[in-house]
A.B. asks: 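This is the structure, below, for whatever I ask next.
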Amino acid sequence: MAKNIAQDEWAKTGAGPSAYVFDAYGTLFDVHAAVRRHAEAIGQDAQAFSDLWRVKQLEYTWVTSLMGQYRDFSLLTEDALDFCLARFPAVDRGLRTDLLEAYSKLDCFAEVPDVLSRLRASGAKIAILSNGTTAMLEEAVAAAGIGHLVDDIFSVDALRIYKTAPAAYALVTSTYRIATPDIAFQSSNRWDIAGAKAFGFNCHWINRSGAPDEYIDLPPDMVFSSLAGLVEA
């Protein structure tokens with residue numbers, strides 16, 4: 001497996017994480033912020049619209065990967081939005097451009113700047129590992145004003161395959177040359193935690209919604225209701 005290649009020669013400090021790696025969408029950035037900004041114009045179906053947009057966006061990543069094909073995350077985000085506009089015909093299609101613009105500049109969760117600052121002060125590397133394209137992620141980071149707190153951005157776009165493919169997580173280990181147990185991986189997506197755990201990372205599930213657990217055979221190392229748990233533990 002990719003995670004075992006040459007890792008015997010990599011640093012194993014045993015003194016806490018050498019790197020904190022964060023999923024982006026849903027973990028650092030609020031994926032529902034785009035629709036929330038236009039909720040009044042969308043109307044009573046705004047929350048259902050936002051939920052479906054996210055579900056379809058993720059579904060398309062898994063389906064294309066399993067087919068051995070690839071469309072980048074920005075295109076899949078557009079595809080998912082188009083499906084939602086067809087599913088909710090009462091929503092003005094003229095909002096499409098505004099919604100995509102809002103998605104490119106999502107709000108980060110309130111605790112994010114403080115948490116990243118405190119973790120970075122520990123000397124650990126701070127990175128993002130995401131399905132998003134590099135351009136999407138750089139724009140989101142800049143809009144949130146957290147660029148000075150992030151050392152590296154890893155995008156699966158370089159591989160043309162989505163998480164939970166092991167190669168996606170190996171982007172981090174192959175760059176940092178840090179053994180998987182010394183990498184703390186944070187995601188609000190339970191499926192992502194399962195993939196990262198299978199790869200060998202030390203995993204923190206950010207269960208913001210209080211969702212029931214799943215993938216029981218691949219449990220997170222810790223569960224927090226927000227990223228603040230990383231610095232409060």
Side-chain angles (χ1 to χ4, degrees), residues 22-110 112 128-141 143-144 155-157 159-165 168 187-196 205-215 225-226:
F22 296 82
D23 169 61
Y25 297 108
T27 304
L28 295 176
F29 306 115
D30 184 353
V31 294
H32 298 294
V35 168
R36 193 161 54 242
R37 291 178 199 173
H38 299 282
E40 184 175 351
I42 292 172
Q44 64 181 3
D45 292 323
Q47 188 59 56
F49 188 100
S50 189
D51 290 342
L52 185 61
W53 189 5
R54 177 60 170 167
V55 166
K56 284 297 178 181
Q57 180 193 50
L58 293 175
E59 176 188 325
Y60 295 164
T61 67
W62 300 323
V63 170
T64 55
S65 289
L66 285 168
M67 290 190 298
Q69 298 182 12
Y70 183 77
R71 279 170 63 79
D72 76 41
F73 200 64
S74 64
L75 295 177
L76 295 186
T77 300
E78 292 184 26
D79 292 346
L81 177 56
D82 288 338
F83 177 85
C84 291
L85 289 168
R87 175 64 181 81
F88 294 94
V91 177
D92 181 6
R93 292 190 63 86
L95 290 170
R96 184 182 189 274
T97 299
D98 291 338
L99 286 167
L100 289 172
E101 175 65 19
Y103 199 91
S104 71
K105 297 177 173 65
L106 294 172
D107 300 329
C108 71
F109 291 101
V112 167
I128 293 172
L129 171 62
S130 174
N131 282 337
T133 66
T134 299
M136 290 177 72
L137 295 167
E138 288 178 346
E139 187 170 13
V141 165
S155 167
V156 304
D157 198 41
L159 303 171
R160 299 178 65 82
I161 191 170
Y162 289 103
K163 296 187 285 185
T164 56
S187 180
S188 64
N189 302 298
R190 185 60 179 90
W191 54 267
D192 196 11
I193 289 295
W205 179 27
I206 311 305
N207 186 8
R208 296 183 183 278
S209 65
D213 198 9
E214 51 187 334
Y215 308 106
S225 60
S226 79

A.B. asks: Look up atom CG in L106 and atom CD in E139, then write down how far apart they are to the nearest 0.5 Å.
C.D. replies: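 So the CG of L106 and the CD of E139 are separated by 10.0 Å.
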A.B. asks: Please list, chain by chain and in numerical order, all residues satisfying ring pair (Phe, Tyr, Trp, His ring centres under 6.0 Å) with W205, sequence neighbours excluded.
C.D. replies: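 With sequence neighbours excluded, W205 shows a ring pair (Phe, Tyr, Trp, His ring centres under 6.0 Å) to no residue whatsoever.
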A.B. asks: Output all residues satisfying salt bridge (Lys or Arg N to Asp or Glu O under 4.0 Å) with R160, sequence neighbours left out; order by chain, then residue number.
C.D. replies: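 Scan of R160 (salt bridge (Lys or Arg N to Asp or Glu O under 4.0 Å), adjacent residues dropped) gives none.
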A.B. asks: Show me the pairs that pass salt bridge (charged side-chain N to carboxylate O under 4.0 Å, His left out) and involve residues 62-75, at least two apart or across chains.
C.D. replies: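 Pairs touching residues 62-75 that pass the test: R71-D79.
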A.B. asks: Hey, are T77 and Q57 close enough side-chain-wise for a donor-acceptor pair under 3.5 Å?
C.D. replies: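 Side-chain D/A pair, Q57 to T77: present.
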A.B. asks: Please collect all salt bridge (charged side-chain N to carboxylate O under 4.0 Å, His left out) contacts where either partner lies in residues 24-39, sequence neighbours excluded, each pair once.
C.D. replies: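 Pairs touching residues 24-39 that pass the test: D30-R36, R37-D107.
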A.B. asks: Heavy-atom count check: over 12 atoms from other residues, nucleotides or ligands less than 6.0 Å from E40 CD?
C.D. replies: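 Counting other residues, nucleotides and ligands, CD of E40 stays at 12 neighbours or fewer.
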A.B. asks: W62 versus M67: any side-chain heavy-atom pair under 4.5 Å?
C.D. replies: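 Counting from C-beta outward, W62 and M67 never come under 4.5 Å.
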A.B. asks: Rounded to the nearest 0.5 Å, what separation is found between the SG atom of C84 and the CG atom of L95?
C.D. replies: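 Reported to 0.5 Å precision, the distance equals 12.5 Å.
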A.B. asks: Between T27 (side chain) and S188 (backbone), is there a donor-acceptor pair under 3.5 Å?
C.D. replies: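 The answer is yes, because a donor-acceptor pair under 3.5 Å joins these two groups.
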A.B. asks: Show me the pairs that pass side chain to side chain donor-acceptor pair (under 3.5 Å) and involve residues 82-92, at least two apart or across chains.
C.D. replies: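 Residue pairs with at least one partner in residues 82-92: D82-R96.
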A.B. asks: State which residues pass ring pair (Phe, Tyr, Trp, His ring centres under 6.0 Å) with F109; sequence neighbours excluded, sorted by chain then number.
C.D. replies: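 Counting only residues at least two positions away or on another chain, F109 forms no ring pair (Phe, Tyr, Trp, His ring centres under 6.0 Å).
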A.B. asks: Considering residues at least two apart in sequence or located in another chain, which fulfil the salt bridge (Lys or Arg N to Asp or Glu O under 4.0 Å) criterion with D98?
C.D. replies: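 Result, salt bridge (Lys or Arg N to Asp or Glu O under 4.0 Å) vs D98: none returned.
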A.B. asks: Please identify each residue that fulfils side-chain hydrogen bond (donor to acceptor under 3.5 Å, both in side chains) with D192, with sequence neighbours left out.
C.D. replies: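 Result, side-chain hydrogen bond (donor to acceptor under 3.5 Å, both in side chains) vs D192: K163, Y169, S187.
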A.B. asks: How many angstroms lie between atom CG of L137 and atom OG of S104, to the nearest 0.5 angstrom?
C.D. replies: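 The CG atom of L137 sits 12.0 Å away from the OG atom of S104.
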A.B. asks: Checking D45 now: which residues fulfil side-chain hydrogen bond (donor to acceptor under 3.5 Å, both in side chains) with it, not counting sequence neighbours?
C.D. replies: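 Checked D45 against side-chain hydrogen bond (donor to acceptor under 3.5 Å, both in side chains); zero matches.
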A.B. asks: Less than 4.5 Å apart, any side-chain heavy atom of Y60 and any of V55?
C.D. replies: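 No, side chains not in contact.
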A.B. asks: Would you confirm whether S50, through its side chain, and Q47, through its main-chain N or O, come within 3.5 Å as a donor-acceptor pair?
C.D. replies: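 Such a contact is absent between S50 side chain and Q47 backbone.
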A.B. asks: Does the ring centre of W53 sit less than 6.0 Å away from the ring centre of Y103?
C.D. replies: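 When the ring centroids of Y103 and W53 are compared, they turn out to be within the sub-6.0 Å range.
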A.B. asks: Quick one, F22 and L129 - any side-chain contact, counting heavy atoms below 4.5 Å?
C.D. replies: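 In short, these two side chains do not touch, never coming nearer than 4.5 Å.
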A.B. asks: Taking atom OG of S225 and atom CZ of R208, what is their separation to the nearest 0.5 Å?
C.D. replies: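 If we round to the nearest 0.5 Å, S225:OG and R208:CZ are 8.5 Å apart.
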A.B. asks: Are N207 and S209 close enough that some pair of their side-chain heavy atoms sits under 4.5 Å apart?
C.D. replies: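 The answer is yes, as the side chains (C-beta and beyond) meet within the 4.5 Å cut-off.
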A.B. asks: Can you find a pair of side-chain heavy atoms, one from D23 and one from L28, that are under 4.5 Å apart?
C.D. replies: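 They are not in side-chain contact.
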A.B. asks: So do the side chains of T61 and F73 get within less than 4.5 Å of each other, counting heavy atoms only?
C.D. replies: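 Of all side-chain heavy-atom pairs linking F73 with T61, at least one is under 4.5 Å.
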A.B. asks: Hey, what do you get for CG (L81) to CG (L76), rounding to the nearest 0.5 Å?
C.D. replies: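 It is 12.5 Å, given to the nearest 0.5 Å.
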A.B. asks: CG/N131 to CE/M136 distance, rounded to the nearest 0.5 angstrom?
C.D. replies: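 One gets 9.5 Å once the value is rounded to the nearest 0.5 Å.
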A.B. asks: Under the salt bridge (Lys or Arg N to Asp or Glu O under 4.0 Å) rule, collect the residues that match up with R54, sequence neighbours excluded.
C.D. replies: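 R54: no salt bridge (Lys or Arg N to Asp or Glu O under 4.0 Å) contacts found.
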A.B. asks: Are F49 and L85 packed together at the side-chain level, in the sense that at least one heavy-atom pair is separated by less than 4.5 angstrom?
C.D. replies: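 Contact flag for F49/L85 side chains = yes.
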A.B. asks: Report yes if some heavy atom in the side chain of L52 is under 4.5 Å from a heavy atom in the side chain of F88; otherwise report no.
C.D. replies: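 Heavy-atom side-chain distance check passes, below 4.5 Å.
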A.B. asks: Which residues pass the salt bridge (Lys or Arg N to Asp or Glu O under 4.0 Å) test with D213, sequence neighbours left out?
C.D. replies: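 In terms of salt bridge (Lys or Arg N to Asp or Glu O under 4.0 Å), with neighbours along the sequence ignored, D213 is linked to R190.
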A.B. asks: Checking Y162 now: which residues fulfil ring pair (Phe, Tyr, Trp, His ring centres under 6.0 Å) with it, not counting sequence neighbours?
C.D. replies: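 By the ring pair (Phe, Tyr, Trp, His ring centres under 6.0 Å) rule, Y162 matches Y70.
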